[in-house]
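The structure under discussion is supplied below as structure tokens; questions concerning it will follow.
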Number of protein chains: 2
Amino acid sequence: MLNGRTPSVKDVAAAAGVSLGTVSNVMNRPEVVSARTRERVERAMAELGFVRNESARQLRAGTSRTLAYVMLDGTNPFFHDVAQGIENAAEDADLSLFICNSNSRSAREEVHLDRLLQQRVQGILITPVDPAAPHLDELSRRGVPLVIVDRVRGADSCCSVSVNDVLGGRIAVEHLAEQGHNRVAFVGGPDSLGQVGERLQGAREIWQSLGKDPDDLIYLPTEALTVAEGRSAGERLAGLPARRRPTAAFCANDLLALGLLQQSIGAGLRVPDDLAIVGFDDIEFAAAAAVPLTSVRQPRQELGRAAAQLVLDEATNPEHRHQQLQFQPELVARASTVSRGRAL
Amino acid sequence: MLNGRTPSVKDVAAAAGVSLGTVSNVMNRPEVVSARTRERVERAMAELGFVRNESARQLRAGTSRTLAYVMLDGTNPFFHDVAQGIENAAEDADLSLFICNSNSRSAREEVHLDRLLQQRVQGILITPVDPAAPHLDELSRRGVPLVIVDRVRGADSCCSVSVNDVLGGRIAVEHLAEQGHNRVAFVGGPDSLGQVGERLQGAREIWQSLGKDPDDLIYLPTEALTVAEGRSAGERLAGLPARRRPTAAFCANDLLALGLLQQSIGAGLRVPDDLAIVGFDDIEFAAAAAVPLTSVRQPRQELGRAAAQLVLDEATNPEHRHQQLQFQPELVARASTVSRGRAL
DNA sequence: AACGGCTATTGAAACATTTCAAGCATCGTC
DNA sequence: GACGATGCTTGAAATGTTTCAATAGCCGTT
């Protein structure tokens, strides 16, 4: 009767001598069924090795038990920390988390979103390639709970969770100025990326308000936010004529900073004495670098957790209002900007 | 008639003036439906914004379109590279990939597996906390296609994909011996971890066959394979009396090696002149370290891709035989073992 | 005009669950 | 001993697809 099939509620019901509905009740509202039959049903389940079919459950109940996060760049540990924060929140709410990776490709992002729509996930968290992409509007229009992570989107068409990147740029450069640097490079790009633009803006603002010459804040553009690009920026830096060469660099993220650090040390520079370096994100490897990296810390896990809470609110609370949450970054000073034995 | 609901095949059929079955055919075997009606149906879908309900599809068709990977440690980039390899293979097969993370906790692993069973995923790839855990047998017994990644399991109860860790240990230590080191530390632990034990075994084998004194291969145990543990190992290393202190260290993975590297440089040692260091895995940050790290490379993405292919074979090919695939590791020599300007 | 062979479409059953109104005991109360 | 009330259990409908046997239409042959 069960020939090889994986057992269904029907089989359990038969084995326990009760009806379908009772088995379902045991799973979904155990309090309405008497202790005696509950126990009988549970034993039957265990004996048969019954595992509830989630597709059928979801089809009938109309509600799924999963959240999804579409991350921007799988090679950047920052996003994995964000994902971990989401996962923790999801675990608390007894939900599963689907993790996808767009690898910064808009087409791939769209494929993932389409599939998530088919899965009828409860909500989608995303760090988008382009926050203005029309396929994101599409989601809102469909009424899928949506939260933008680490970016913001025009108007309040949906929730977002981000970090004050302008402020991040300010504190990074302020720190360098305090250390006595008068010629500083900003390494990052492409500046069409929201974060890069804002971190640069913050850097320029504080530089100006400190009364420094704008020409002494040098923009060193990169093609991407990777270690390799950081190295290449280092080479360009070394190629500058000595009187124009900066004594410090503020990198738009830690991967760039690590690349720059590596290239500089390899070229015989002393860090921080010949070149001070500040990164952004404070990923785990920042502290673990051979010269521990000063960095602007974002509350990565917190970011993910907050985003998950927003998406759950949107999914469950009918009076939900879209919010733009913003966290404040914080400078973590380490050896890459502060000489050993030299007081702050 | 459609009041707010998300449209179903039925709505599409009505809008296009055809039957349910035809709409389904348009999606699943477009070749059997005439160009004219196909076009009509497709227009109706676009107008209504129809998105197929995957739960219903899966319930009826009995087959899901997802694979799952349960990774061991989300903080280790190695596993993300493996995941990327799986993802690529999944993409080629037009499947989605569910990524879970057990964070080395057996209980969490079990929760994930249970949920994946409920989802009726096509197959499960896993780097288990303990390859002998009974809940893995449970999966095999249920007939879920299963592949163990980066570990092996007794007998041929299921497929596995791994790297020859004994050989990895041999080539690492052989390389150090070639560089003239006569006193070498092995850093890693706990040695209940399969990889750690086998890498250590390989190290001991080659050490002996080179005719060196076993007492000069020093085992420095760690609690986990993390950067912090690497630093702590560095402190213990520094604490050894000079005549017993090794001139080289072979670390069971790159995170340990990076921690050791950082601690050593911070303590004023020159790498590789005072201490040569070899890691294992060749994660991206290995090459990017301030002293680029010599490491034993595992074909990480290849590992994932091969595992995905095995699981797909098991899922689709009735004549599938379990296989234990093993890749060979390869030494990547960099500055952490080879002095600049000194020929290999 | 009947027929056979195509191709394109249809209709109904099936998938495994949840939900809910209705039914059935059992019990205490008058 | 009738009556509600209470507490469990049941049976059937509903969810959105896919699948497949059956049918309808069409064309060319005889």
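Reminder, nothing fancy here: chain letters follow the sequence lines and each chain counts from 1.
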Could you write out each protein N or O paired with an N or O of nucleotides 16-20 of chain D at a distance under 3.5 Å?
| from | atom 1 | to | atom 2 | distance (Å) |
| --- | --- | --- | --- | --- |
| D:dT17 | OP1 | B:N53 | N | 3.2 |
| D:dT17 | OP2 | B:V9 | N | 2.6 |
| D:dT18 | OP1 | B:N28 | ND2 | 3.2 |
| D:dT18 | OP1 | B:R52 | NE | 3.4 |
| D:dT18 | OP1 | B:R52 | NH2 | 3.4 |
| D:dT18 | OP2 | B:S24 | OG | 3.0 |
| D:dT18 | OP2 | B:N28 | ND2 | 3.3 |
| D:dT18 | O2 | B:R60 | NH1 | 3.2 |

| field | Rounded interatomic separation in angstrom, taking CZ from A:R40 and C1' from D:dT9 | value | 11 Å
| said: Tell me if the CD atom of B:E319 is crowded by more than 12 foreign heavy atoms within 6.0 Å. | reply: no
| Which atom names give the shortest non-hydrogen contact between B:V161 and B:V147, and what distance separates them? | CG2-CG1, 4.1 Å
| message | Under 3.5 Å, is there a donor on one side chain and an acceptor on the other for A:N88 and A:Q84? | response | yes
| At under 4.0 Å, does any side-chain N or O of A:S19 touch on OP1 or OP2 of D:dG11? | no
| Looking at the rings of A:F98 and B:F98, which for Trp means the six-membered one, are their centres under 6.0 Å apart? | yes
| said: Under a 3.5 Å threshold, yes or no: a donor from one side chain and an acceptor from the other, between A:S96 and B:R115? | reply: yes
| Given side chains that start at C-beta, do those of A:N103 and A:R108 come closer than 4.5 Å, heavy atoms only? | no
| query | Any side-chain donor-acceptor pair under 3.5 Å between A:Q122 and A:S64? | reply | no
| Residue pair A:R38 / A:S34, side-chain donor-acceptor N/O under 3.5 Å | no
| For DNA chain C, which nucleotides open and close the run of contacts to chain B, 5' to 3', at under 4.0 angstrom from a non-hydrogen atom? | C:dA8 to C:dA16
